[in-house]
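I have placed the structure first, in the form of structure tokens, so that the comments after it can refer back to it.
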There are 2 protein chains.
Amino acid sequence: MSVRLDETDRKILSQLQQDASQSLDEIARKVGSSKTPVWNRIRKLRDAGVIGAQTVILDPEALGFEACFFVLIRTAEHDAEWQKLFLDVLKKRPEVQEAHRLAGEIDYILKVRVKNARAYDAFYQAMISEVKVHNVTALLSMEEIKSTTALPV
Amino acid sequence: MSVRLDETDRKILSQLQQDASQSLDEIARKVGSSKTPVWNRIRKLRDAGVIGAQTVILDPEALGFEACFFVLIRTAEHDAEWQKLFLDVLKKRPEVQEAHRLAGEIDYILKVRVKNARAYDAFYQAMISEVKVHNVTALLSMEEIKSTTALPV
DNA sequence: GCTGAAACGGCTTGGTT
DNA sequence: AACCAAGCCGTTTCAGC
């Protein structure tokens, strides 16, 4: 599954992660190449699935999303049917920004972004009414120290 | 800090989050407006800081980042100097994708993306050699069920 | 505040070395 | 595989409504 990249590929990916609105010429200049080869490489990386969606990062605070919770979930039920139901609930809820299945004592972790604590409670109530979970611990973020989607390519 | 948006603004933001490479004409068509007003709104939202960076999402697996940890940190030290040092360490480490200061028993949570468990250990050793932390628990992700940067505007 | 047009710049392609 | 040039498409600006 892992793809072979050379130094130029890595520089291109780094530039795109920093600012995907840059022109090809600008990227080419920064990576020490020129338009056509850079364009061909980007195309190849896109086709290989290395480069995915192009998006904009919105400021949560500016939009009134002032609460962020990390939710630790333990469950008793581990059968396939329960899991499918649980995953569907997570996927359809837009306030769930991340969901991971874990190794160890805690079964799942979620990152939930909401406008305020009341909105979190509404999410929580909705979730536990749809699926049975054994134990839920919510960690409230006081301050987002760092947040990046960039991978250190 | 929170900005007032109308329905059209919200639709534009939603489209940009889904695919920032769309042309103005396409976005305008989808939100039921036309080129110039959409462009003016985007400009305004950018200036207001609502729209931040434009970026591409890379596939971690395709690039060999096969391990993801959530790290729960407790600390004894809470003075300003220690905190500044700790924050500097987090900010300069590219494998730290997220870092939040928390309310409650656990003081910090990190999301750390690395190539493998060995790379996580290298990060862990480097971190504890630079700052004193009281207790560290690492939760290993087995499966990324959901991952989005989109806010439900 | 929207429309339409016009100028500008960047993307994309194909031919050439 | 990289360079060059041309056509096309999208962005950006501006005048008119």
Side-chain angles (χ1 to χ4, degrees), chain A residues 1-64 148-153, chain B residues 1-64 148-153:
Chain A
M1 185 90 220
S2 192
V3 176
R4 283 194 82 72
L5 306 176
D6 67 10
E7 202 44 48
T8 305
D9 289 326
R10 262 184 273 274
K11 284 183 191 164
I12 291 170
L13 291 177
S14 172
Q15 284 304 319
L16 287 176
Q17 288 192 114
Q18 272 175 58
D19 179 4
S21 73
Q22 289 175 94
S23 75
L24 276 179
D25 276 330
E26 209 166 344
I27 295 169
R29 192 177 47 76
K30 287 183 185 165
V31 308
S33 180
S34 58
K35 222 168 161 168
T36 313
V38 169
W39 190 83
N40 283 323
R41 282 163 183 269
I42 291 176
R43 193 181 186 336
K44 206 165 283 180
L45 290 164
R46 231 186 268 287
D47 293 347
V50 174
I51 298 175
Q54 184 161 334
T55 188
V56 294
I57 304 301
L58 304 185
D59 181 349
E61 312 260 315
L63 292 165
T148 179
T149 58
L151 294 170
V153 288
Chain B
M1 187 85 218
S2 195
V3 175
R4 282 195 82 72
L5 306 176
D6 67 10
E7 204 44 47
T8 305
D9 289 327
R10 263 183 273 273
K11 285 183 189 163
I12 292 170
L13 291 177
S14 173
Q15 284 304 319
L16 287 176
Q17 288 191 115
Q18 272 176 57
D19 180 5
S21 73
Q22 288 174 98
S23 74
L24 277 179
D25 275 328
E26 210 165 344
I27 295 170
R29 191 177 49 74
K30 286 183 185 165
V31 307
S33 180
S34 58
K35 226 165 158 169
T36 312
V38 169
W39 191 84
N40 283 325
R41 281 163 185 268
I42 291 176
R43 195 184 185 331
K44 206 166 283 180
L45 289 165
R46 233 187 267 285
D47 292 348
V50 174
I51 298 174
Q54 184 162 335
T55 186
V56 294
I57 305 300
L58 304 185
D59 181 349
E61 311 261 315
L63 291 165
T148 179
T149 58
L151 295 170
V153 286

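Predicted model, so just to flag it, every value in this text is computed and none were measured. In what follows, chains are A, B, ... by sequence order, proteins preceding strands, each numbered from 1.
With a cutoff of under 4.0 Å to any heavy atom of chain B, the contacted region of DNA chain C is bounded 5' to 3' by C/dC2 to C/dG4. Taking the 5' to 3' direction, DNA chain D first and last meets chain B under 4.0 angstrom from a heavy atom at D/dG10 to D/dC14.
B/Gln22 comes within 4.0 angstrom of sugar-phosphate atoms only, judged by non-hydrogen atoms across all strands, and of no base.
Taking A/Asn40 as the reference, A/Thr36 meet the side-chain contact (heavy atoms from CB on, under 4.5 Å) condition, with sequence neighbours excluded. Remark: A/Asp59 engages A/Glu61, A/Ala62, B/Met1 in a side-chain contact (heavy atoms from CB on, under 4.5 Å) (not counting sequence neighbours). With sequence neighbours excluded, the residues satisfying salt bridge (charged side-chain N to carboxylate O under 4.0 Å, His left out) with B/Lys35 are B/Asp25. By the side-chain contact (heavy atoms from CB on, under 4.5 Å) test, A/Arg29 pairs with A/Glu26, sequence neighbours left out. A search for side-chain contact (heavy atoms from CB on, under 4.5 Å) contacts involving B/Ala28 returns B/Val38, not counting sequence neighbours.
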Donor-acceptor contacts, no H, no angles, side chain residues 41-48 of chain A, under 3.5 Å, sequence neighbours left out:
from, atom 1, to, atom 2, distance (Å)
A/Arg41, NH1, A/Asp6, OD1, 2.9
A/Arg41, NH1, A/Asp6, OD2, 3.1
A/Arg41, NH1, A/Asp9, OD1, 2.9
A/Arg41, NH2, A/Asp6, OD2, 3.3
A/Arg43, NH1, A/Asp47, OD2, 3.1

Give every donor-acceptor pair under 3.5 Å between a side-chain atom in residues 12-20 of chain B and any protein atom, sequence neighbours left out.
from, atom 1, to, atom 2, distance (Å)
B/Gln15, OE1, B/Gln22, NE2, 3.3
B/Gln17, OE1, B/Leu151, N, 2.8
B/Gln17, NE2, B/Leu151, O, 2.9
B/Asp19, OD1, B/Ser21, N, 2.9
B/Asp19, OD1, B/Ser21, OG, 2.7

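Taking every heavy atom of residues 27-41 of chain B and every atom of DNA chain C, pairs under 4.0 Å involve B/Ser34, B/Thr36, B/Pro37, by number. Contacts with DNA chain C (heavy atom under 4.0 Å) in residues 42-58 of chain B: none are found. Using a 4.0 Å cut-off on heavy atoms, none of the residues of residues 3-20 of chain B approach DNA chain D.
Annotation: side chain of B/Leu63 is in contact with side chain of A/Val153 (closest heavy-atom distance under 4.5 Å).
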Begin from the C-alpha positions of B/Lys11 and B/Lys30 and carry the test side chain to side chain contact (heavy atoms under 4.5 Å, CB included) through to its verdict.
CA-CA 8 Å; B/Lys11 285 183 189 163; B/Lys30 286 183 185 165; over 6 Å; no

